[in-house]
Amino acid sequence: MATGSGSLMWFRKGLRIHDNPALERASGASSFLYPVFVIDPRYMAPDRRAFSPGSSLAGLNRIRFLLESLSDLDSSLRKLGSRLLVLKGDPGEVLVRCLKEWNINKLCFEYDTEPYYQSLDEKLKSFASSAGIETFSPVSHTLFNPADIIEKNGGRPPLSYQSFVKLAGKPLWESSTLNLSISSLPPIGDVGSMEISEVPTIIELGYSDSELVDETPFRGGESEALKRLKEFLPNKAWVANFEKPKGDPSAFDKPDTTVLSPYLKFGCLSSGYFYQCLNDVYRDVKKHTQPPVSLLGQLLWRDFFYTVAFGTPNFDRMKGNRICKQIPWDERDELLAAWREARTGYPWIDAIMVQLKKWGWMHHLARHCVACFLTRGDLFVHWEKGRDVFERLLIDSDWAINNGNWLWLSCSSFFYQYNRIYSPISFGKKYDPNGNYIRHFLPVLKDMPKEYIYEPWTAPLSVQTKAKCIIGRDYPKTVVGHDSASKECRRKMGEAYALNQRLNGSVSEQDLKNLRRKLEEDRTEEDEELDGFLVKSVVDTHRILRSGACSSISAHRDSLF
DNA sequence: TAGAAGTTGAACCG
DNA sequence: CGGTTCAACTTCTA
């Protein structure tokens, strides 16, 4: 056995130097330090069957963000006399090989609550322990340890934000000094026969230039995160008065939030450090907003979802998920595809989906609009389908938070007022009456007059011609009429809720099947009524036309759906 | 068991 | 632009 002691620091999230207890422990009292990142082909390598450029798990924007974060980490490590050792393969297998090959007696990595790492880390820990290697795996991704909160609550996670906040209280480290820098790191030991590479480029991962079209404006990395943080912190009034629901989802040149979510997701920014920075500002001002709407409240939301996700089996599914209402969502792939590909015919919805595809980031309220539209608001498509699209394309997609929000927005859990539906027309209009956001992300509509930009199908043909955008040719017709579709959704949600209540939550697949059939039968009857309405409506239109009271029948298109 | 509360609805009114 | 109404869900609390 070689002399001295070697530590292996395994980076997964937590891609930072500041406030990184695992890295600190790994570098202390060690002769050698091996800072490792494992490129998992499943997460990084191209999967050309996927619906957009990227791997089977991540869109290209997030992969790029990750690579930038790794490069930044590597360059910070080099300044400290070390570097990032990049390896390729299945992370579990690669790590075991490293532990066998190198003279390691201490393995450090940040604790992770996601099911993927829970099972992987368990295996790795047991290998390490059998090999006499010490492991250190601190909770440093979140403010609180989810397990502590669950224990305080008698073994089950709190299911409301308020009860979470009450249970959580203040973090133990609130007024302690976080370690924000490291002066130097131990040298890298002999890497033996392990194949080490530099941080790869996108091209080196196997992507082609033609796939690199939609590039997010947000650059990854710890340096970038701290720069962003330091740009807005001096604006104390903005920090103190931040109220999440008052943000403007249509602001894109200067987003109305911090856009720190992708940095928190990868741990380029420590949530604990961010928490302390916010408290420093709060101390300096007379008054400030409070959770849930304040900036600090946003960090608590993050911890809330991490806690519930950690303590809820099958959190990412409807079936077998005890906090999820069982709802007979439709299987209509053509509606899902229209939503995903930004061709629902509702410019507000489609513009948001384009921003998702191009930027990998949208304002929180914009996410609400498209999530509500896909599920309980209009299309009645399963929230898991929308979750998959977000999970792939968002640069900040985070297992706990993404699933939590889809449960929320689809009224499957946490939030139950299914009658409150975002209008795909009026919601965006109240922030951005001119439709600048739509014009930017859907240039095909850039010359549409503002009177029609949220409902271009109501524009007279002459206006469409002048705007060089004929609806049905240059921009799609609406896939559903919002008035009738949302009414239908309310009815289905009402029936589904009644079923869940009647069966006290234990709804079987057969129960859902029966409800589906019942809903279908009722719809048939309603369709007949609707047909009657249609005839009347056509007659009305005809009468209006003859009387010359209305110059455009296209305004009636929505009701004629 | 009743009443209040819940991160951010829409339409309407003044 | 802020308040009220509409129609109404579940969960928490007293």
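As the structure is a computational prediction, the values presented were derived from the model and not from experiment. Below, chain A is the first sequence line, B the second, and so on; all start at residue 1.
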Chemist: Rounded to whole angstrom units, what separation is found between the CZ atom of Phe415(A) and the P atom of dC12(C)?
Modeler: 16 Å
Chemist: Please determine whether a side-chain nitrogen of the Lys or Arg among Lys265(A) and Asp398(A) lies less than 4.0 Å from a carboxylate oxygen of the Asp or Glu.
Modeler: no
Chemist: Looking at dA10(B), dT7(B), dC9(C), which one has an atom nearest to any side-chain atom of Lys244(A)?
Modeler: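 Among the listed nucleotides, the one closest to the side chain of Lys244(A) is dT7(B).
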Chemist: Are Asp280(A) and Arg283(A) ion-paired here, with the side-chain N under 4.0 Å from a carboxylate O?
Modeler: yes
Chemist: For Phe414(A), answer base if it contacts any base atom (sugar-phosphate contacts may also be present), sugar-phosphate if it contacts only those atoms, and nothing otherwise; contact means non-hydrogen atoms under 4.0 Å.
Modeler: nothing
Chemist: Rounded to the nearest Å, what distance is computed from the CG atom of residue Asn419(A) to the P atom of nucleotide dG9(B)?
Modeler: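 These atoms are roughly 12 Å apart.
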Chemist: Return no unless some side-chain N or O of Lys166(A) is found under 4.0 Å from OP1 or OP2 of dT13(C).
Modeler: yes
Chemist: Please determine if a side-chain N or O atom of Ser163(A) lies less than 4.0 Å away from the OP1 or OP2 oxygen of dC12(C).
Modeler: no
Chemist: For a quick check under 3.5 Å, do Tyr346(A) and His482(A) share a side-chain donor-acceptor pair by atom type?
Modeler: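 Not at all, the side chains of Tyr346(A) and His482(A) share no donor-acceptor pair under 3.5 Å.
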Chemist: Quick one: which of dG9(B), dA10(B), dT7(B) gets closest to the side chain of Arg420(A)?
Modeler: dG9(B)
Chemist: Going by purine N1 to pyrimidine N3 plus the second Watson-Crick contact, or the G-U wobble pair, all under 3.5 Å, which nucleotide sits opposite dC12(B)?
Modeler: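 By the stated definition (distances under 3.5 Å), dG3(C) pairs with dC12(B).
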Chemist: Hunt down the Watson-Crick or G-U wobble partner of dC9(C), both distances under 3.5 Å, from any strand shown, or write none.
Modeler: dG6(B)
Chemist: Could you please name the option among dA11(B), dT7(B), dT10(C) that lies closest to any side-chain atom of Ser426(A)?
Modeler: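 Selected nucleotide: dA11(B).
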Chemist: For the C1' atoms, the ones on dA8(C) and on dG6(B), what distance do you get once it is rounded to whole angstrom?
Modeler: 13 Å
Chemist: Taking CD from Gln417(A) and P from dA8(C), how many angstroms apart are they, rounded to a whole number?
Modeler: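 Roughly 12 Å, once rounded to whole Å.
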Chemist: To the nearest Å, how far apart are Asp303(A) CG and dT7(B) C1'?
Modeler: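 That distance rounds to 16 Å.
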Chemist: Could you tell me how far apart Leu295(A) (CG) and dT7(B) (C1') are, to the nearest whole angstrom?
Modeler: 13 Å
Chemist: Please verify the inter-ring angle class for Phe414(A) with Phe305(A); under 30° counts as parallel, over 60° as perpendicular, anything in between as tilted.
Modeler: perpendicular
Chemist: Using the P atom in both, what is the distance from dA2(B) to dA7(C), to the nearest Å?
Modeler: 23 Å
Chemist: Taking NZ, NE, NH1 and NH2 as the nitrogens, is one of them in Glu495(A) or Lys492(A) under 4.0 Å from a carboxylate oxygen of the other?
Modeler: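 No, no charged N to carboxylate O under 4.0 Å.
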Chemist: Give a yes/no on whether any side-chain N or O of Gln162(A) is located under 4.0 angstrom from OP1 or OP2 of dT11(C).
Modeler: no
Chemist: With a 4.5 Å limit on heavy-atom distance, are the side chains of Glu224(A) and Phe218(A) in contact?
Modeler: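 Side chain of Glu224(A) against side chain of Phe218(A), heavy atoms only: no contact under 4.5 Å found.
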Chemist: Whole-Å distance between dG6(B) P and His368(A) NE2?
Modeler: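 Distance, rounded to whole Å: 17 Å.
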Chemist: Where the side chain of Ser423(A) is defined as all heavy atoms beyond and including C-beta, which of dA10(B), dT7(B), dC9(C) is the nearest nucleotide?
Modeler: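 Nearest to the side chain of Ser423(A) among the choices is dA10(B).
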Chemist: Which listed nucleotide (dT10(C), dT7(B), dA8(C)) is nearest to the side chain of Pro292(A)?
Modeler: dT7(B)
Chemist: Could you give the CH2-to-P distance, from Trp408(A) to dC9(C), as a whole number of Å?
Modeler: 18 Å
Chemist: What nucleotide, of dA10(B), dT10(C), dT7(B), holds the atom closest to the side chain of Tyr422(A)?
Modeler: dA10(B)
Chemist: By nearest nucleotide on DNA chain C, pick out whichever of Leu159(A) and Tyr418(A) is the more 5' one.
Modeler: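 The 5'-side residue here is Tyr418(A).
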Chemist: Within this structure, what is the CZ-to-P distance between Arg490(A) and dC6(C), rounded to whole angstrom?
Modeler: 16 Å
Chemist: Does Lys430(A) have a side-chain nitrogen or oxygen under 4.0 Å from the phosphate oxygens OP1 or OP2 of dA10(B)?
Modeler: yes
